[in-house]
Amino acid sequence: MRRYILSRLIRWIPSVFVLLLTIYALVFFGAGDPIKLIFLQAPGDVAYDPARVEAIREAAGLNRPFLVQFGDYLANVVQGDFGNSLVSGRSVNSMIQAALPVTLQIGLSAICIVSLLGIALGVIAGLNQNKLLDNVIVGFAMIIWGIPVFVSGPLIIVVLVLGFNQDVPYGWDGLFSPLVLVPLLVLGLNPMALIIRQARAGVLEVLSEDYVRTARAKGIPNLQVVLRHIMRPVLTPVVSQIGLLVIATLNNSILIEKVFGLPGLGRLTETAIKSSDYPVILAIVLIFSVVVMTSNLLVDISYPLLDPRAAAKRTENEE
Amino acid sequence: MTELAIQGPQEDRQISLVQDAFARLAANKLAVLGMILVAVLFIIAAFGPWLTPYDFLDQDLMARNQPPSWNHWFGTDDLGRDILSRVIYGARTAVVVAFSTVFFSLIIGLFIGSIGGYFGGKVDAFVVWLIDITMSVPSLLVVIVINVSLKPSMVNWMDAKFMETGNEFYRNTIWVDFILVFGSMALIKWPKAARIIRGQIMSVRNKNYVLAAEALGVSTPNIIRRYVIPNSIGPVIVYISAALGEAMVLESSFSFLGVGVRPPIPSWGNMISDGLRVWQLYPHVLAAPAAALAVVTIAFSFLGDGLNDALNPRQWK
Amino acid sequence: MSAAEQHKRTEKILEVSNLHTRFKVRDGYLYAVNGVSFSLDKGEMLGVVGESGCGKSITMMSLIRLLPPAAEVTEGTVLLDGQDISQASSSEINAIRGAKVGMIFQDPMTSLNPFMKIGDQLIEGIRYHKKLTRVAALEKAAKYLELVGISNPDHRLTEYPHQLSGGMRQRVMIAMALIGEPDLVICDEPSTALDVTIQAQIVELVKELREKLNMSIIWITHDLSLLAGMVDRIMVMYGGQVVEEAVTDELYRAPRHPYTIGLLKSIPSLKTEAGSRLPSIGGAPPNLFAEPSGCPFAPRCSFRTDRCTREVPPLTPLQAGESDPLHRVACWVDVQQQGAAQ
């Protein structure tokens, strides 16, 4: 098992490297000159002075050749230093430290809730195949899958404000304040459809398995059959969806944070991109990718835990 | 022993795979609904803008933020533009981007996937690694970055070309927006297509009937033609319908964030973003594009599911 | 006392009358079981034989209503040890399954839950039915594993199905069916999915267990040759109906139904000439999508008459005076007269 984790980690490194290089190159060669941008966006009375721009660029080391700058960047990253924002001068680390917890908390909570609720609904649907309950749940899943986050978000806001006279939910007050409920709900809708669908499909497949028939033949009550014989096999395909779930949640959090005014990584990304603040952009891309790869790794590790046959194959391969 | 006389069983109608799939699809009411809606979308996208009473750019500053009326069925936005016309044009934006994206992802994906599947070994390992990296990147983020990074250079290039040739085409930087959007989306979305074709090639290679065919001396291109392609058509069709829907959502996400297709060109995404600013006073500005986007994505969802069921039937429903 | 009277006197563990089961399919119904009636004495072993799709498995599973959701029992009574269970509630049926009626299924590869340990699967039923503690149940499980010939039972209890061979898995299935100490055990082709040597072992095992535990057994198979020397009586099914039923020796010696005759002829024997063609029954399996009208075998029967295609022949005992009063046939034609039974 350890060897497996190690080998996966080793495969990561070139991936992350290539990713960083690509994004760095893109931003480096493509993006507008950030210093110039700052000047152009500055209040009117600051004159656009090319000489000053040059000086600042020189001072910030922005005129050195590409590879040198990249190498420098890498060296810093490895030591945990992501540089400073080109716009504000603050250390990127501090900016991220402020924003990351927000995104992380909301993201993780959403994923947990979505998984639990999604599995429950999917299993119920599967057990009642083609009956009304199933159709309702499946229909619900299809609809929430179809509506993008930035449509359902405003829609729910509209309903809340116009229909129930609530205040517009905007801003961040910590994970346990009621403000978080609506964004959490909206964030969770899309991915829940995925989980519902997968859980339902899993249940349907398991139901037609012979060993369920054997269990029924033993005369144990239906609920027990479901809990002991059906849940376990269903978990494996559902867990495999978690990788997709994480990516979807990350993407959606960018949009959610704009709609609901949450000061997380998504917001940070938006502003950084608009001002070509590439140390920030790079750091965020790195973080997101690492998060995704970690979750993929965790999913992979979980397979042998869930399925004894996979565990056997795994040890077989390692011998 | 005397021969036992045989009375044949009832004649079973022979139906081909296509007919069978079609029948199944037609029986699925939701899928049919989705198909109709999607067809309507295509028609609107193709012909709509010529049929609208107003041009989507027309501003009528005397009639700003009007609620729906006989003159303006969906009302007007805060520059006095007719929302209905803009929504219709937005359909065109959505469809154009979606088709281009899917088209290019298919090309890239099928190409890379088949190379991996065909050559196997180290080449395939590389392909798999490429697919993995591309898939583990959060798409929204990277596409935005690509968009934003390349745009200024492309704009400059276009300007320079315009100076050079005086060709009107280069003047219109809107094309840059479009190309960047579907280009960058294609760069992110190709892995799924690649996986499909790679999977098909690899599974076909191992099938006994293919080994038999090879033993009989059937050439490789024929094997591809007879086995790989027919088996792949199903999954590719399902992929296309799903990818079209996803591409539309993705594109509207970008324009929502202010990247990609920008005003004044209507995209449902940027219309929604505009609508968000004023919805408390003028909800109709938000409602129209939001509803359009929701309906279209749900339609694609139904259609995609229906196609999936029709082409990959499960035993014993 | 004649054999017939003896048969009436003996207590019956199972009496089935006029059982009908059908499946709901897309455009109608599939009539899988059409008027099956039979009985089983306590301690008796009955073999049920027929080709795939003749309804033999569905019939037995209908007894304890172990059917897929699309299936329903539309008619018939089932008396288990004198009690009518055809209208039993689902909790009553659950109490019967595993405790009074045990089932052994065909494919041991797929019939065991790959995610659960053998021990857990074995004790599940009895913990529920007999309210045993986990420890007591596991002890019992180990005993039954030993009974079915599995060595090192305590260790096996902690293993997963994929760690056992096919033969061992089937033995576990047998232990699982027996551990509830049922009165009746239904074996649905338990040896079919195994290779021949293991098949023989399983058959021997079941025979042995029957002696030891004095159970009533129903053994379903498509292989007529397997039943000789194993079961007391044989029931032949075709197209969802019973076409012939007799004491084993009698069936092999003097079959009366054209289908049975065809089956017996198609068994290769040591006397078969090398190079000769093995006789087979021409034609195709019956169409079960319509309600039965006439004998299901009629399309393929060389003795068929007009009546055969119009009326369903009932299962009737042979004329009095025959050697086996239990011999019943569902046929309009007296094949002996036709000189077909050679």
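Residue numbers begin at 1 in each chain, while the letters A, B, ... track the order of the sequences.
C:I64 does not touch chain A: none of its heavy atoms, backbone or side chain, sits under 4.5 Å away. In this structure, no portion of C:I186 lies under 4.5 Å from any heavy atom of chain A. Residue contact with chain A, scored on non-hydrogen atoms closer than 4.5 Å, involves the backbone and the side chain of C:Q121 alike. Residue C:R65 touches chain A through its backbone alone, counting heavy-atom pairs closer than 4.5 Å. Contact of C:M176 with chain A is made through the side chain alone, with heavy-atom distances under 4.5 Å.
Here C:F115 is the residue among C:Y160, C:F115, C:F105, C:Y128 with the most heavy-atom pairs under 4.5 Å with chain A. Comparing A:E209, A:R228, A:Q224 by heavy-atom pairs within less than 4.5 Å of chain C, the highest count is held by A:R228.
Rounding to the nearest 0.5 Å gives a distance of 9.0 Å between CZ of A:R232 and CE of C:M116. The structure places NZ of A:K218 at 9.5 Å from CD1 of C:I179, a figure rounded to the nearest 0.5 Å. To the nearest 0.5 Å, atoms OG1 (A:T214) and CG (C:N113) are separated by 9.0 Å. We find the CZ-CE distance between A:R216 and C:M61 to be 9.5 Å, quoted to the nearest 0.5 Å.
A pairwise comparison of heavy atoms in C:N94 and A:P221 identifies ND2-CA, 3.8 Å as the closest pair. The two residues A:R213 and C:S111 have their closest heavy-atom pair at NH2-OG, 4.5 Å.
Counting heavy atoms of neighbouring residues, nucleotides and ligands inside a 6.0 Å radius, atom NZ of C:K24 exceeds 12 of them.
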